[in-house]
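Here the structure comes first, spelled out in structure tokens, and everything after it is commentary.
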Amino acid sequence: MAGDSTRERLLTAAVGVFAANGYRDATVAGVCEAANANIAAVNYHFNSKENLFRHVLREAFHSAN
């Protein structure tokens, strides 16, 4: 993860957290812990857990194409 931006680390971590726990049981704290980021970083970069989830889905869709 060296050299990765916080935003990229959050996206990468969120994929795993959402996949393992589902949207409802995934927590912002869990994503931030997995990304080694401050808990405020999700709100700074994505504004909400829902918006983070949307970005994760968008990235997955683009990767699949």
Just by modelled atom types, is the V56 backbone N or O under 3.5 Å from a matching donor or acceptor in the E59 side chain?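 Judged by distance alone, no pair lies under 3.5 Å.
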
Q) Are the side chain of R7 and the backbone of H45 linked by a donor-acceptor contact shorter than 3.5 Å? A) no

d(C32 SG, R9 CZ) to nearest 0.5 Å is 10.0 Å

message: Please report the interatomic distance CG(L52) to CG(L11), rounded to the nearest 0.5 Å.
response: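 It comes to 6.5 Å.
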
Using every non-hydrogen atom in the two residues, find where [X] and [Y] come nearest and quote the distance to one decimal.
| X | Y | value |
| --- | --- | --- |
| N21 | D25 | O-CB, 3.3 Å |
| N51 | S48 | N-OG, 3.0 Å |
| V17 | A34 | CG2-CB, 4.3 Å |

Is it the case that over 12 heavy atoms from other parts of the model lie below 6.0 angstrom from the OH atom of Y44? no

Measure from NZ or CZ of K49 to the centre of the six-membered ring of F18, then state whether that distance is under 6.0 Å and the direction lies within 45° of the axis. no

Margin query: Less than 4.5 Å apart, side chain to side chain, heavy atoms only: is that true for F46 and R54?
Written below: no

